[in-house]
Amino acid sequence: MAIEKEDYVTPSAGYLITKHGEFNPDLIHKTIVGWYEKWKYTFTEKENTEKMKPQGNDLNLKLDGERKIDDYAEFHIEVVILVYELRKKGTSYTGKIKINVRGFVLLDYRNNWGKTPFTTFLFHIYNNYIIKKRIKDYYEDNLEDEVKELTGKIKNVIGLHD
Amino acid sequence: MIKMTRIYITPSAGLKIRYQGITDFGNLYKYMKLWLEDRGFADEKKLETKYTERRFGDRKNLEIMWNCSTSISNYVSYQMQVTFLVLGLTETEVQIGDIKRKLDKGDFELRIIGYVKVGEGEWNDYTFLERVYYNLVVRKRIEEYKQDYYIILYKFVGYIKEFLGLRG
């Protein structure tokens, strides 16, 4: 498969973690933000929504981290957290949670290539033939390890097997 | 040659904070304004560019826009746009301890866009020496400005989230 500008290491729809039961959304948020900081990602909280409902609150959090690797590639890890029917139970919470993690390598993040059809063609050749090995063995492998570590931490904190 | 440019530190559509529930909107509005004024981003007269209220019976919708900025040097300024969209705002009484308080119930959405504006006016307005200074000195400091503004903007976002009782 050809390497595109956004080179995904997860399914492009994301890696899905779901749980119905007990979890602590504050701790999940803290864990993810802490992980981004540890790995020196620039962190953006794109959305933070909370709706108060009689059956329990709904939450929607969109977190985005980006890290420049060199002049050509940037790692992106996006986490979307959806929580339904969140109710406080003692010191913890119960509800339904869906966490979606997407990771991709953004190539040519400075947009030097792809301005004309010819440079787009060169961009394709460069990625798919000249530096293909570097993309596969270095960028993708490293990002995949980081995504796995993050999903592992998230699963751990919501009490799932990793 | 560098063009006059906006360097976004939020997504260009902005950061979205949404809360559906009960809060003291009057105080939120006031405290946000004070926060920006205290940090030199706004003055009372220029801050608000739009305030629209639409009434539907006892409910009202609000659309408020703020444009604020603080100048760092002749070439660089931090710009922020804040948009409030409040839907179905009604007054409600809430018992807090022994006191009954009137608060606001509704769907509160805030969008915050922040960017570093590099260069004021047209490039041709600058003298030769200013252009040289810009290319040799200012350009190298852009990363520092971005980091500095990122910290300020997220403190503001944190302040709003804390007021609304949101997570994170």
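Numbered from 1 within each chain, the chains take letters A, B, ... in sequence-line order.
Looking at residues two or more places apart in sequence or on another chain, you find a salt bridge (charged side-chain N to carboxylate O under 4.0 Å, His left out) between A:E47 and A:K62, B:K16.
The line from CG of A:N48 to CG of B:L110 is 11.0 Å long, rounded to the nearest 0.5 Å. With rounding to the nearest 0.5 Å, the separation of CG in B:D107 from CE in A:M52 is 12.5 Å. In this structure, the separation between CD on A:E45 and CD1 on B:I112 is 11.0 Å, given to the nearest 0.5 Å. Between the OH atom of B:Y19 and the CG atom of A:N57 there is a distance of 7.5 Å, given to the nearest 0.5 Å.
Taking the side chain as every heavy atom from C-beta outward, A:T44 and B:T10 never approach each other to under 4.5 Å.
Counting heavy atoms of neighbouring residues, nucleotides and ligands inside a 6.0 Å radius, atom CZ of A:F121 does not exceed 12 of them. Heavy atoms from other residues, nucleotides or ligands lying under 6.0 Å from CD of B:E162 number 12 at most. By the 6.0 Å contact criterion, NZ on B:K105 is open, its count of non-hydrogen atoms from other residues, nucleotides or ligands being 12 or less. In this structure, B:I96 places its CD1 atom where more than 12 heavy-atom neighbours from other residues, nucleotides or ligands lie under 6.0 Å away. A:R134 CZ: more than 12 foreign heavy atoms inside a 6.0 Å radius.
Tracing side-chain contacts under 4.5 Å through hydrophobic residues (I, L, V, M, F, W, Y), one never reaches A:L106 starting from A:L143; they form parts of separate clusters. Hydrophobic clustering of Ile, Leu, Val, Met, Phe, Trp and Tyr side chains at less than 4.5 Å, counting indirect connections, unites B:I142 with B:I152. B:L47 and B:Y115 fall into different hydrophobic clusters, where Ile, Leu, Val, Met, Phe, Trp and Tyr residues are linked whenever their side-chain heavy atoms come under 4.5 Å apart, directly or through other members. Follow the hydrophobic side-chain contacts under 4.5 Å out from B:M65 and you never reach B:F84; the two are in separate clusters. With hydrophobic clusters built from ILVMFWY side chains whose heavy atoms lie under 4.5 angstrom apart, B:F156 does not share a cluster with B:I113.
The parts of A:K46 that come within reach of chain B are both its backbone and its side chain, each placing non-hydrogen atoms under 4.5 angstrom from that chain. Neither the backbone nor the side chain of A:I28 comes within contact range of chain B; no heavy atom of the residue lies under 4.5 Å from a heavy atom of that chain. Heavy atoms closer than 4.5 Å to chain A are found nowhere in B:F108, neither backbone nor side chain.
Counting heavy-atom pairs closer than 4.5 Å to chain B, the top-ranked of the candidates A:K30, A:H29, A:K51 is A:K51.
The interface of residues 78-103 of chain A with chain B, defined by heavy-atom distances below 4.5 Å, comprises A:L86, A:Y93.
A side-chain contact (heavy atoms from CB on, under 4.5 Å) with A:E50 is found for one member of B:R18, B:R167, B:K161 and no other, namely B:R167.
Heavy atoms only, all atoms of each residue included: A:F43 and B:Y154 are closest at O-OH, 3.7 Å.
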